[in-house]
There are 2 protein chains.
Amino acid sequence: MTSPTPARRSRRTDALSADAIIDAAIAVLDAEGEEALTFRALSAALETGPGAIYHHLASKQEILVAAAQRLVVDVLAEVPSDLDAENGIREVMLAFFDLFGAHPWVGTQLSREPWQAALLEMFEVIGSHLDALGVEERYQFTAASSLLNFVLGVAGQHASATRLARDLDRSAFLRDIADGWKDEATAASHPFSRQMADQLTQHDDRQQYIDGIDFILAGITAVAVDSPASNRAIESPS
Amino acid sequence: MTSPTPARRSRRTDALSADAIIDAAIAVLDAEGEEALTFRALSAALETGPGAIYHHLASKQEILVAAAQRLVVDVLAEVPSDLDAENGIREVMLAFFDLFGAHPWVGTQLSREPWQAALLEMFEVIGSHLDALGVEERYQFTAASSLLNFVLGVAGQHASATRLARDLDRSAFLRDIADGWKDEATAASHPFSRQMADQLTQHDDRQQYIDGIDFILAGITAVAVDSPASNRAIESPS
DNA sequence: ACCTGAACACCGTTCAAGT
DNA sequence: ACCTGAACACCGTTCAAGT
């Protein structure tokens, strides 16, 4: 598992750098999950001592912020840019969803520091697409924040589900929860959830995410895209 | 700060119980923040040893889950129940927002375990209101999840903002971030955010939350409330 | 300037021993 | 049965000492 070539137990040849540390951190997080990222594990992977890392990044938090930003920037670079506004925003939102699937720890990280680097990237790309979509300027901040908050909620749930169900398979995990909703005492006080229990086990996360985006975009379009008469007005800020 | 009556340094008279532990945990979390909740602090407040707590609750996570559920149940009990469907859902969503304002640590907690007790309460009340609002059954699961995910995103951001800005006042904190968005290098690659920088410092969190709810409800109403012809259909699950 | 790694000041959790 | 609190196995971070 460690030391692939123990014979050549040489010192690191290339100098340590913030980028190298972030690379190693992403590798550990992806392979072994959030709680496996410790300074001891990271410095072992980098063949150095824990103190050395602090010469390049000031804290664990800073490493996580940078790692999340790296992935967000990378994934956005791969989204085709020749799409119309409507398809553009959908593709970008889906890119985020798939990012959380591939790197669930990002979902935890994004809620750990407000307006961190990765969030700025997400806010920027969402907002510029909304502008292209014709959302009036006075609604742009709120509309972009709404989509961002929805994405962050999904990301957080995804991360915690993955953390908890690392061994258990997904359907068994959902079945357990649905069984809890069907429990007599719970069902009596929670009739709506009881009714939804079967949908919980069957639902497709990705499709549900798409449908959620559709709700929000439909609302934004109805309220905030310039049109002669919108009968559902919300207060404009300022 | 500790030992209010050091003379009468008696053993606890009432027996320790899960409820008493949860009470004490909420008090510590509210007064001193998330990272102040340790078994040492908690057992000191309860005048017992750290091990005693484990006889009633199995882990720190279990304490946090129960504490969050307690607050959600309490706050929902105070929401007037004689409102029509439209006002009912808005009041419930606002009650959540105000809960996160009064107890920011809840926002972190809700993303820590998937479908935990507090989330079931939230899902249930949101869903039953959507049902009353006339949302078709095949859309109810997705619609309730969308609102829930939005709320969770807001809650997480709120929690992390509070954690970071415990000393700093809010407007100074936002001004710092907005200044970052106005930084020449950042602004060049993030024109949308540059444009929004002033709105960031001026915006009202609560109003923005209300506006976000309005977007989502408008979308749900347009798509999922029974009406002869809706021209924006989303795929129905199953 | 950069790296090293032992040491520090904590955690959550366990467990032998008490009542 | 319930409680006690020292001990265990960790953390993130610091810092004197090396190169």
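Side chains included, hydrogens not; waters and symmetry mates left out as well; all remaining heavy atoms used.
Computed from coordinates, the A:I21 CD1 to C:dC2 P distance equals 12 Å when rounded to whole Å. Atom CZ of A:R40 is separated from atom P of C:dA7 by 13 Å (rounded to the nearest Å). Atom CG in A:L57 sits roughly 17 Å away from atom C1' in D:dT14 (whole-Å rounding). Atom-to-atom, CG of B:L46 to C1' of D:dC3 comes out at 13 Å; the value is rounded to the nearest Å. In this structure, B:Q61 places its CD atom 15 Å from C1' of C:dC11, rounding to the nearest Å. For B:L16 and D:dA1, the CG to C1' distance is 13 Å, given to the nearest whole Å. Spacing between atom CG of B:L37 and atom C1' of C:dT13 amounts to 14 Å, rounded to whole angstrom units. Protein atom CD of A:E35 is 15 Å distant from nucleotide atom C1' of C:dC11, rounded to whole Å.
Distances shown here put every side-chain N or O of B:H56 at or beyond 4.0 Å from the OP1 or OP2 atom of D:dC2.
Evaluated for a side-chain hydrogen bond (donor to acceptor under 3.5 Å, both in side chains) with A:Q207, the options A:D211, A:D204, A:D205 yield exactly one hit, A:D211.
The 5' end of DNA chain C is approached more closely, in terms of each residue's nearest nucleotide, by A:I53 than by the other of B:Y54 and A:I53. Take the nearest nucleotide of DNA chain D for A:K60 and for B:G51: the residue whose nucleotide is more 5' is B:G51.
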Under the side chain to side chain contact (heavy atoms under 4.5 Å, CB included) criterion, do A:F97 and A:I213 qualify, and how do the steps go? CA-CA 11 Å; A:F97 185 86; A:I213 300 289; over 6 Å; no

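The two atoms that bring B:A67 and B:I22 nearest to each other are CA-CG2, 3.8 Å, heavy atoms only.
Of the candidates C:dA6, C:dG12, D:dG5, C:dG12 carries the atom nearest the B:T38 side chain, counting heavy atoms from C-beta on. Taking only side-chain atoms of B:F39, from C-beta outward, the nucleotide of C:dG12, D:dG12, D:dT13 with the closest atom is C:dG12. With C:dT14, C:dC2, D:dC11 as the candidates, the nucleotide lying closest to the side chain of A:H55 is C:dC2.
Looking only at atom types and distance, the side chain of B:Q61 has a donor-acceptor partner in the side chain of B:Q109 under 3.5 Å away. Looking only at atom types and distance, the side chain of A:T108 has a donor-acceptor partner in the side chain of A:E34 under 3.5 Å away.
When both pairing distances are held under 3.5 Å, C:dC3 makes no Watson-Crick or G-U pair with any nucleotide shown. Pair assignment for C:dG12: D:dC8, on the basis of Watson-Crick or G-U wobble contacts that are both within less than 3.5 Å.
Note on B:S43: nothing from the nucleic acid sits closer than 4.0 angstrom, heavy atoms only.
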